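These figures come from a predicted structure and were not determined experimentally. Sequence positions, counted from 1, serve as the residue numbers for this chain.
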Amino acid sequence: IWGTVENTGIAIAPFYQWQAVVYDDPSGVYYIQWLDGGTGALLDIDKQAGSNPDVAYYANADAVVVAYENGGGIFVDDYYLTTVTPTNYNLNMNNPVSSGINPNVDINSLGQGILTWEDGGGVFMCSFTIGTFAAGPIVGVAGGSMPDIALSDNGQDIFLTYEQGGQLVMETYDYPTLTFGGLTPTSAPVIVPTSGGGFQ
């Protein structure tokens, strides 16, 4: 797809074979390309200032969000489908969320969004809605780094992983509580000791 790539993300459009692929470019921008999953043909492309992107599709193909870092801050860009043939997505806004680095994003099949990132040695997360993008309350989780996140299709369970003290921590939380600014664990954390090489 490209030459020097530092970080990537991919999401597949529900009910279509379109793949939304995001990646860093050395010039200080991230690219998003929509590709035909069957042929690999380029359907649409955009670029925005930022780095370290991750991408998630809405519950249908109508919308895509890209979480990324730019100038020490976490942003989420929301793109909306304007035409199917030819496939065309247009950026709505660059939405600032918080200070931080290493964002990861997910949207479940109900269209509910979840975002995580690290800032100052801590892991944070928030819910969000789109059409247009609106972030929910920001909640601190724990000390740690390199978080990743997923939201179950029941709209209830958040699955979070992050690195802490050389170990990988896996935790689950209640999504409805997060949307109101709370934090309710739904299981005991699972700890994976380091193998010596660390985690990424």
Quick one: does [X]'s side chain get under 4.5 Å of [Y]'s, heavy atoms only?
X: Val105; Y: Phe128; answer: yes
X: Tyr16; Y: Thr87; answer: no
X: Ile114; Y: Leu178; answer: yes
X: Leu160; Y: Met170; answer: no
X: Asp25; Y: Lys47; answer: no

Give a yes or no on whether [X] and [Y] share a hydrophobic cluster (residues Ile, Leu, Val, Met, Phe, Trp, Tyr; joining criterion: side-chain heavy atoms under 4.5 Å apart).
X: Tyr173; Y: Phe180; answer: no
X: Ile12; Y: Ile107; answer: no
X: Val66; Y: Leu91; answer: yes
X: Val84; Y: Trp34; answer: yes
X: Ile191; Y: Val123; answer: yes

Does [X] use its side chain to pair, donor to acceptor, with the backbone of [Y] at less than 3.5 Å?
X: Glu69; Y: Ser51; result: no
X: Asp78; Y: Phe133; result: yes
X: Ser152; Y: Asp157; result: yes
X: Asn95; Y: Val76; result: yes
X: Gln33; Y: Val21; result: no
X: Tyr31; Y: Ile45; result: no
X: Thr116; Y: Phe124; result: yes
X: Asp24; Y: Asn52; result: yes

Go through the steps for Val55 and Tyr79 under the test side chain to side chain contact (heavy atoms under 4.5 Å, CB included), then give the verdict. CA-CA 11 Å; Val55 64; Tyr79 291 86; over 6 Å; no
For the residue pair Asp153 / Asn108, report whether a side-chain donor-acceptor contact shorter than 3.5 Å exists. no
Any donor-acceptor N or O pair under 3.5 Å, side chains Thr82, Asn88: yes
Side chain to side chain contact (heavy atoms under 4.5 Å, CB included) between Glu171 and Val141, intermediate numbers included: CA-CA 10 Å; Glu171 298 174 334; Val141 179; 3.9 Å; yes
For [X] and [Y], work out which heavy atoms get closest and say how close.
X: Pro147; Y: Asn104; result: O-ND2, 2.8 Å
X: Ala59; Y: Ser109; result: CB-O, 3.1 Å
X: Glu118; Y: Met146; result: OE2-N, 2.8 Å
X: Pro189; Y: Val169; result: CB-CG1, 4.2 Å
X: Ala20; Y: Ile32; result: CB-CD1, 4.4 Å
X: Thr172; Y: Thr186; result: OG1-OG1, 2.7 Å

Enumerate the ring-ring contact (aromatic ring centres under 6.0 Å, His included) contacts for residues 43-73, please, sequence neighbours excluded, ordered by first and then second residue. Tyr30-Tyr68, Tyr68-Phe75
Can you classify the ring geometry of Tyr89 versus Trp18 as parallel (below 30°), tilted (30 to 60°) or perpendicular (above 60°)? perpendicular
Approximate separation, where rounding is to 0.5 Å, of [X] [atom1] and [Y] [atom2]:
X: Asp77; Y: Met93; atom1: CG; atom2: CE; result: 9.5 Å
X: Ile158; Y: Met125; atom1: CD1; atom2: CE; result: 4.5 Å
X: Ile74; Y: Ser99; atom1: CD1; atom2: OG; result: 8.0 Å
X: Leu42; Y: Leu35; atom1: CG; atom2: CG; result: 6.0 Å
X: Leu115; Y: Ile149; atom1: CG; atom2: CD1; result: 7.5 Å
X: Leu151; Y: Asp106; atom1: CG; atom2: CG; result: 6.0 Å

Side chain to side chain contact (heavy atoms under 4.5 Å, CB included) for Phe159 and Thr161? Distances and angles first, verdict last. CA-CA 7 Å; Phe159 303 91; Thr161 66; over 6 Å; no
Test side chain to side chain contact (heavy atoms under 4.5 Å, CB included) on Trp117 and Ile138; report intermediate values, then the result. CA-CA 10 Å; Trp117 65 95; Ile138 294 172; 3.7 Å; yes
